[in-house]
Trainee: 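Before we start, here is the structure in question, set down as structure tokens.
A note on names: the letters A, B, ... follow the listed sequences, proteins ahead of strands, and every chain is numbered from 1.
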Amino acid sequence: MSLTVNLPGLSLKNPVMPASGCFGFGKEYSQFFDLDELGAIIVKAATGAARYGNPTPRVAETSSGMLNAIGLQNPGVDKIITDELPFLRQFDTPIIANVAGSTVEEYVKVASKLNQSNDIAAIELNISCPNVKEGGVQFGTDSDLAKEVTYKVKEVSNYPVYVKLSPNVTNITTMAKAVVDAGADGLSMINTLTGMQINLKKRAPIIANKTGGLSGPAIKPIAIRMIYEVRQALSDVPIIGMGGIMTAEDVVEFLLAGANAVAIGTANFQNPYVCPEIIADLPGTLSKYGFESVKAATGKGHVHG
Amino acid sequence: MSLTVNLPGLSLKNPVMPASGCFGFGKEYSQFFDLDELGAIIVKAATGAARYGNPTPRVAETSSGMLNAIGLQNPGVDKIITDELPFLRQFDTPIIANVAGSTVEEYVKVASKLNQSNDIAAIELNISCPNVKEGGVQFGTDSDLAKEVTYKVKEVSNYPVYVKLSPNVTNITTMAKAVVDAGADGLSMINTLTGMQINLKKRAPIIANKTGGLSGPAIKPIAIRMIYEVRQALSDVPIIGMGGIMTAEDVVEFLLAGANAVAIGTANFQNPYVCPEIIADLPGTLSKYGFESVKAATGKGHVHG
Amino acid sequence: MIKKQTLEILSHIQIAEDTFEVVLRSSLSKELKPGQFVHIALPGHMLRRPVSIANVNPEAETFTMIFKILGEGTRNLSKYKHGQYLDVILPCGTHYPIEELTISHALLVGGGIGVPPLYYLGKKLKEKGVNVTSVLGFQSATHVFYEEKFQQLGDTFIATNDGTYGQKGFVTEIIAELDMPIDYYFSCGPTPMLQAVTNQLSNQKGYISLEERMGCGVGTCYACVVPLKADPEQNKKICKDGPVFLANEVSLA
Amino acid sequence: MIKKQTLEILSHIQIAEDTFEVVLRSSLSKELKPGQFVHIALPGHMLRRPVSIANVNPEAETFTMIFKILGEGTRNLSKYKHGQYLDVILPCGTHYPIEELTISHALLVGGGIGVPPLYYLGKKLKEKGVNVTSVLGFQSATHVFYEEKFQQLGDTFIATNDGTYGQKGFVTEIIAELDMPIDYYFSCGPTPMLQAVTNQLSNQKGYISLEERMGCGVGTCYACVVPLKADPEQNKKICKDGPVFLANEVSLA
Ligand SMILES: Cc1cc2nc3c(=O)[nH]c(=O)nc-3n(C[C@H](O)[C@H](O)[C@H](O)COP(=O)(O)OP(=O)(O)OC[C@H]3O[C@@H](n4cnc5c(N)ncnc54)[C@H](O)[C@@H]3O)c2cc1C
Ligand SMILES: Cc1cc2nc3c(=O)[nH]c(=O)nc-3n(C[C@H](O)[C@H](O)[C@H](O)COP(=O)(O)OP(=O)(O)OC[C@H]3O[C@@H](n4cnc5c(N)ncnc54)[C@H](O)[C@@H]3O)c2cc1C
Ligand SMILES: Cc1cc2nc3c(=O)[nH]c(=O)nc-3n(C[C@H](O)[C@H](O)[C@H](O)COP(=O)(O)O)c2cc1C
Ligand SMILES: Cc1cc2nc3c(=O)[nH]c(=O)nc-3n(C[C@H](O)[C@H](O)[C@H](O)COP(=O)(O)O)c2cc1C
Ligand code: FES
Ligand code: FES
């Protein structure tokens with residue numbers, strides 16, 4: 001049973017990685033298990049300057065999901081490079097840096113700085129964060145802007161760039177094609193869906209930012225559909241799939257839909273051991289469904305006609 | 001405690017109605033309770049000719065939701081008028097006819113025929129059914145098409161027209177404004193989100209149509225967000241809110257987001273008594289949160305700034 | 001009259017591998033007819049699960065169902081214990097119309113979780129004085145259940161896929177060897193089995209009982225349709241027009 | 001060392017209106033310090049629920065928590081029985097740093113579900129020989145709990161919002177009447193109470209313990225931040241840098 005996956009810049013021992021924003025920079029979860037076990041780690045978003053994020057409450061619980069509006073709190077790309085990434089050197093696990101910004105210039109600045117770092121293996125270009133007022137999500141919902149920012153970031157980056165798509169769009173395939181045309185080495189999908197919950201007692205949205213990003217098993221059918229559609233349209237593009245994964249069976253479902261690897265977000269909060277547990281379950285689950293490797297399962301859920 | 005709501009064409013004794021496609025034409029659920037108790041009834045979609053729908057499986061269960069791809073099976077508008085609607089005359093409950101089609105001409109034809117019926121109180125224009133190959137959803141995701149079909153149906157209809165919006169769009173407010181500009185008397189939102197589930201054993205999507213519409217509590221945060229956004233943009237448009245309602249507290253959340261009335265879909269399948277139970281719970285729930293009537297709660301979850 | 005009831009579990013025992021027999025008390029028990037099903041809500045699941053009626057004790061106002069663990073819902077159901085309660089819609093669907101039929105010899109053909117409804121049917125047939133022969137297929141020895149109970153109704157033959165019990169192979173092979181006149185056959189089981197059986201017995205009158213993924217279970221949502229043989233553009237609802245159909249009425253393709 | 005453990009419930013009893021005391025066995029019990037919390041998974045809920053440590057019995061390797069029904073999660077938790085198991089992450093967060101402090105007289109100020117962590121704190125203070133005075137606020141008489149236990153630690157005053165028990169009104173009114181020198185105060189309760197108490201005692205050194213909606217509970221997600229008083233553009237994580245803070249460190253606005 002081979003769990004290995006080779007994607008641009010990423011030689012993965014297994015296809016499972018924590019999703020950006022759900023694993024910090026690895027320190028906390030390294031108390032629970034050896035991060036060597038992970039296929040890769042996608043770290044928290046980096047912006048040009050430090051960001052203090054949105055007011056609280058920043059999270060709410062929903063049926064089979066949660067809303068978050070953290071607002072890209074992070075110490076800024078410089079401090080991430082100097083203070084956060086070095087800790088991860090001790091692990092034999094590729095690091096994917098998540099790049100965010102409000103302007104094309106900010107994206108380019110962050111990517112150029114990360115390009116100087118030796119601690120990362122790839123960039124995830126987060127054009128889809130719905131929780132920042134100034135910019136952020138427009139890049140993910142306008143194919144021209146998405147194209148532009150991808151192109152400009154590619155220009156300054158020697159690392160492969162995986163563009164993280166927003167599901168809050170009418171046509172996911174159009175967005176995928178746009179960023180692949182602009183040079184994206186791969187796709188990461190999906191980010192959260194914009195949602196809201198209202199506090200009946202307070203007569204106001206629970207999340208201080210009003211809206212938040214919906215994640216967790218509630219959105220899995222949407223993630224699977226979007227990955228399936230994009231895989232139909234672009235048979236070769238590397239896809240890191242995510243959205244509601246809780247179990248090894250979910251991972252296989254994402255592989256069948258067309259993902260080459262997967263990321264796990266919200267589930268970490270419920271179970272800090274979820275990534276290593278899924279990795280341990282994966283060989284048995286793959287063989288239960290008749291697959292001899294991760295690669296053999298990718299895209300196998302497609303029926304034609 | 002007043003539960004009444006007055007909307008174009010609809011004098012509702014309470015704001016709760018079963019959603020289209022989840023209550024047939026009322027006969028089956030009339031075995032469980034007296035349909036007089038309902039605020040209104042939105043019946044199954046009508047098309048120009050009879051439709052036999054999609055192959056099975058047509059439904060799948062998801063975390064806190066379900067997928068469906070019924071494919072608009074219905075006996076056609078003529079038979080609906082002659083064979084189905086008369087049964088509902090015995091109840092003192094307004095009937096809302098749901099109109100679907102593949103072409104503008106079909107929508108107009110169905111609406112004109114319903115215009116001759118005395119058994120309905122309003123039309124719900126379903127421009128958002130994602131489960132039919134030829135047309136259907138394009139109307140709900142292209143604002144020009146949405147405008148056109150709304151305008152043309154309004155021309156032939158003396159009944160008020162509530163346009164049912166698709167959530168599978170980048171900008172729900174643009175769609176809402178487009179149909180209101182074209183003369184919509186109200187909005188009905190949201191329809192289902194397009195999703196997919198893959199059968200690991202069969203290595204194929206569970207739903208024969210591949211994709212299906214996601215409904216149930218999983219989508220409630222998206223429904224609440226979209227209603228809130230549209231209510232912010234259009235302070236006066238009547239909105240029938242739906243998407244994941246299971247309890248009277250959920251109804252109050254929809255009212256606070258800006259809905260004037262609500263529809264209940266998937267929950268009927270789990271509990272055939274859900275509509276009358278919610279109606280019974282509503283006065284207590286409203287007063288628990290300090291509201292003296294349904295009208296008093298509408299839009300009260302908005303915070304400004 | 002169809003109702004939603006909260007029913008006490010009087011007994012909940014495992015009777016074969018992954019297979020459980022549950023006895024529930026309901027005031028509607030005496031109205032339940034062979035072939036009908038009940039629709040069960042389970043916490044944490046959006047949709048109900050349809051399960052056939054396997055037996056009825058009208059005096060005790062109880063009925064029995066038998067189910068096999070297939071996925072999360074049935075796994076959940078397997079963890080219930082006697083004394084707990086289930087939220088059930090019942091009775092659902094049509095029944096084998098044996099009151100209207102003149103039968104002297106009936107053949108029951110069941111496969112796996114299609115076996116349970118045939119037991120109650122067989123019991124009712126025997127009460128009517130009908131001779132009953134049963135041919136039951138299971139995966140393997142550990143999955144076999146109710147053999148003795150069927151034997152009390154008449155001759156009973158068992159096939160297992162792997163030959164660990166009874167005859168190795170399919171029910172159709174046993175049917176091929178049967179040498180007796182039958183008036184009607186009644187069959188329930190996986191679709192491939194129903195196809196094979198209806199083909200094999202195409203000269204016989206028979207009734208079959210179908211399965212499909214359901215939404216409402218009461219006839220409103222059009223989830224559970226099956227196309228008609230006569231006109232595949234037309235279909236019927238398994239939950240309301242079925243689950244019992246005339247063998248040549250519906251298309252199993 | 002923080003861990004996820006499956007812990008047996010040794011006792012689960014109601015001690016006041018909507019209020020439950022739960023004793024759990026954990027090998028980590030002896031490491032738990034006053035002010036820390038545990039993070040509890042509940043079936044059917046995406047997110048864990050943070051609950052403070054209210055007492056520890058290091059010999060028996062058990063600890064106690066006390067919670068009040070607020071929403072669906074705590075309602076779910078209230079239905080557990082002894083002998084069942086809970087999935088718990090522990091220990092979480094910082095503690096009241098009493099080892100490092102020189103105190104002769106401490107004032108504990110608790111409100112509602114902010115009272116439980118103060119009990120374990122008070123016990124530890126008393127063990128150190130510190131004089132303890134407690135001022136506890138509750139909604140009404142039926143919500144009062146642990147009064148006798150606090151009395152065993154030192155003078156204890158109760159306020160209820162509706163005056164059905166103890167003094168009518170807020171804890172601040174009792175504090176205003178207290179006539180004694182204190183070195184440190186320790187407060188936990190709803191934010192409005194903490195604001196009032198920190199304002200009233202702005203000349204005293206004190207520690208407060210905060211609540212916020214949490215995602216991870218371990219410091220990765222940035223859900224649970226509180227702005228710093230010195231620079232509101234900077235913030236700290238309640239789950240990791242807190243829940244215990246110096247009274248003048250964070251902004252409660
Ligand atoms: C009329 C009728 C009578 C039945 N009688 C029995 C019986 O007596 N004993 C028994 O063991 N089983 C019976 N079944 C099958 C039983 O309903 C399924 O095994 C069960 O729904 C599977 O649920 P799950 O959660 O374990 O599986 P999952 O695959 O996790 O279920 C996912 C969804 O698919 C549906 N589903 C999956 N398989 C089936 C199926 N074969 N038929 C219908 N829905 C399905 C489930 O109801 C659920 O909505 C009957 C089905 C029908 C339609
Ligand atoms: C560090 C800390 C210690 C706590 N100690 C105790 C204690 O000892 N006893 C006790 O009764 N309660 C305590 N609480 C509060 C307790 O966590 C909440 O009452 C509980 O989470 C409410 O969950 P629910 O499902 O009942 O409410 P719901 O409102 O249905 O919960 C919805 C979501 O909001 C969160 N939430 C709602 N209210 C709060 C709140 N006040 N604080 C944090 N999250 C909240 C829930 O965790 C959940 O994610 C503590 C909170 C924190 C942060
Ligand atoms: C609390 C939280 C913070 C997140 N922060 C980021 C982020 O900084 N950058 C990013 O690209 N995605 C972020 N995401 C999105 C996740 O990486 C992931 O795409 C999404 O949550 C869907 O996966 P899940 O359902 O497994 O959580 C965040 C999600 C959560 C829940
Ligand atoms: C089985 C099923 C069939 C539906 N058929 C229709 C339909 O014919 N016309 C329509 O406008 N909406 C249809 N809908 C959408 C619902 O009316 C409703 O908008 C949606 O399900 C969200 O509400 P819910 O979460 O309460 O189910 C259907 C939904 C389901 C689940
Ligand atoms: S399950 Fe709804 S019509 Fe049969
Ligand atoms: S809850 Fe995640 S950082 Fe505190």
Side-chain angles (χ1 to χ4, degrees), chain A residues 60 62-67 140-142 166-171 175 193-205 208 210-214 216-229 232 244 246 249 252-257 285 288-291 297 300-303, chain B residues 60 62-67 140-142 166-171 175 193-205 208 210-214 216-229 232 244 246 249 252-257 285 288-291 297 300-303:
Chain A
T62 71
S63 291
S64 297
M66 68 176 283
L67 293 169
T141 55
D142 177 320
S166 167
N168 300 295
V169 294
T170 306
N171 192 324
M175 295 302 301
L193 282 128
T194 309
M196 179 186 280
Q197 196 175 42
I198 295 179
N199 187 323
L200 304 190
K201 278 184 211 150
K202 300 203 172 145
R203 302 185 184 182
K210 296 182 196 167
T211 61
L214 183 64
I219 68 167
K220 195 184 73 171
I222 298 168
I224 294 289
R225 186 264 295 181
M226 290 189 165
I227 292 168
Y228 190 100
E229 283 179 359
Q232 291 274 62
M246 301 289 286
E249 304 229 334
V252 176
E253 191 180 354
F254 275 79
L255 297 175
L256 293 177
T285 307
K288 177 174 168 194
Y289 293 105
F291 296 106
K300 288 293 163 25
H302 285 245
V303 287
Chain B
T62 70
S63 291
S64 298
M66 67 176 283
L67 293 169
T141 54
D142 177 320
S166 168
N168 299 295
V169 295
T170 307
N171 193 324
M175 296 302 300
L193 282 129
T194 309
M196 179 186 280
Q197 195 174 43
I198 295 179
N199 187 322
L200 304 190
K201 279 185 211 148
K202 300 204 173 145
R203 303 184 182 182
K210 295 181 196 168
T211 62
L214 182 64
I219 69 167
K220 197 184 72 171
I222 298 168
I224 293 289
R225 185 264 295 181
M226 290 190 165
I227 292 168
Y228 190 101
E229 282 179 0
Q232 292 273 61
M246 300 288 287
E249 304 228 334
V252 176
E253 190 180 355
F254 275 79
L255 297 175
L256 293 177
T285 307
K288 176 175 169 194
Y289 294 104
F291 296 106
K300 288 294 165 23
H302 285 245
V303 288

Trainee: Can a donor-acceptor pair be found, under 3.5 Å and without considering hydrogens, that links the side chain of B/Arg203 to the backbone of A/Lys300?
Mentor: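 Side chain of B/Arg203 to backbone of A/Lys300: no pair is present.
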
Trainee: Kindly compute the distance separating CG (B/Asp142) from CG (A/Asn171), expressed to the nearest 0.5 Å.
Mentor: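 Between atom CG of B/Asp142 and atom CG of A/Asn171 there are 11.5 Å.
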
Trainee: So which residue, B/Ala60, B/Ser63, B/Ala204, ends up with the most heavy-atom pairs under 4.5 Å with chain A?
Mentor: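 Of B/Ala60, B/Ser63, B/Ala204, B/Ser63 has the most heavy-atom pairs under 4.5 Å with chain A.
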
Trainee: With chain B as the partner, which of A/Ile222, A/Val169, A/Ile224, A/Leu200 has the greatest number of non-hydrogen pairs under 4.5 Å?
Mentor: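 Heavy-atom pairs under 4.5 Å are most numerous for A/Leu200.
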
Trainee: Under the side chain to side chain donor-acceptor pair (under 3.5 Å) test, which residues partner B/Glu249, sequence neighbours left out?
Mentor: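 So B/Glu249 forms a side chain to side chain donor-acceptor pair (under 3.5 Å) with B/Lys288, B/Tyr289.
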
Trainee: Could you have a look at B/Ala218, B/Gly195, B/Pro221 and say which one has the most heavy-atom pairs with chain A under 4.5 angstrom?
Mentor: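 Heavy-atom pairs under 4.5 Å are most numerous for B/Pro221.
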
Trainee: How close do B/Gly301 and A/Pro205 get, counting heavy atoms only, and between which atoms?
Mentor: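 Nearest pair, atom of B/Gly301 first, then A/Pro205: O-CD, 3.3 Å.
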
Trainee: Go through the structure and list residues passing side chain to side chain contact (heavy atoms under 4.5 Å, CB included) with B/Ile219, not counting sequence neighbours.
Mentor: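 B/Ile219: side chain to side chain contact (heavy atoms under 4.5 Å, CB included) contacts with B/Ile190, B/Leu193, B/Leu214.
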
Trainee: Under 3.5 Å, side chain of A/Glu253 to main-chain N/O of B/Ile198, donor-acceptor pair present?
Mentor: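 Yes, the answer is positive, given that a donor and an acceptor are paired below the 3.5 Å cut-off.
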
Trainee: Less than 4.5 Å apart, side chain to side chain, heavy atoms only: is that true for A/Lys220 and B/Thr62?
Mentor: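 A/Lys220 vs B/Thr62: side chains apart.
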
Trainee: Mark yes or no for whether A/Thr170, through its side chain, and B/Thr170, through its backbone, hold a donor-acceptor pair below 3.5 Å.
Mentor: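 Pair found, side chain donor or acceptor close to backbone of B/Thr170.
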
Trainee: Using heavy-atom distances under 4.5 Å, tell me whether B/Phe291 contacts chain A through its side chain, its backbone, both, or neither.
Mentor: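 B/Phe291 touches chain A through backbone and side-chain heavy atoms alike.
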
Trainee: So what's closer than 4.5 Å to chain A heavy atoms on B/Leu67: side chain, backbone, both or neither?
Mentor: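 Side chain of B/Leu67 only, per the 4.5 Å heavy-atom cut-off to chain A.
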
Trainee: Can you tell me how far the CZ atom of A/Arg225 sits from the OG1 atom of B/Thr194, to the nearest 0.5 Å?
Mentor: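 Nearest 0.5 Å value for the CZ-OG1 distance: 4.5 Å.
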
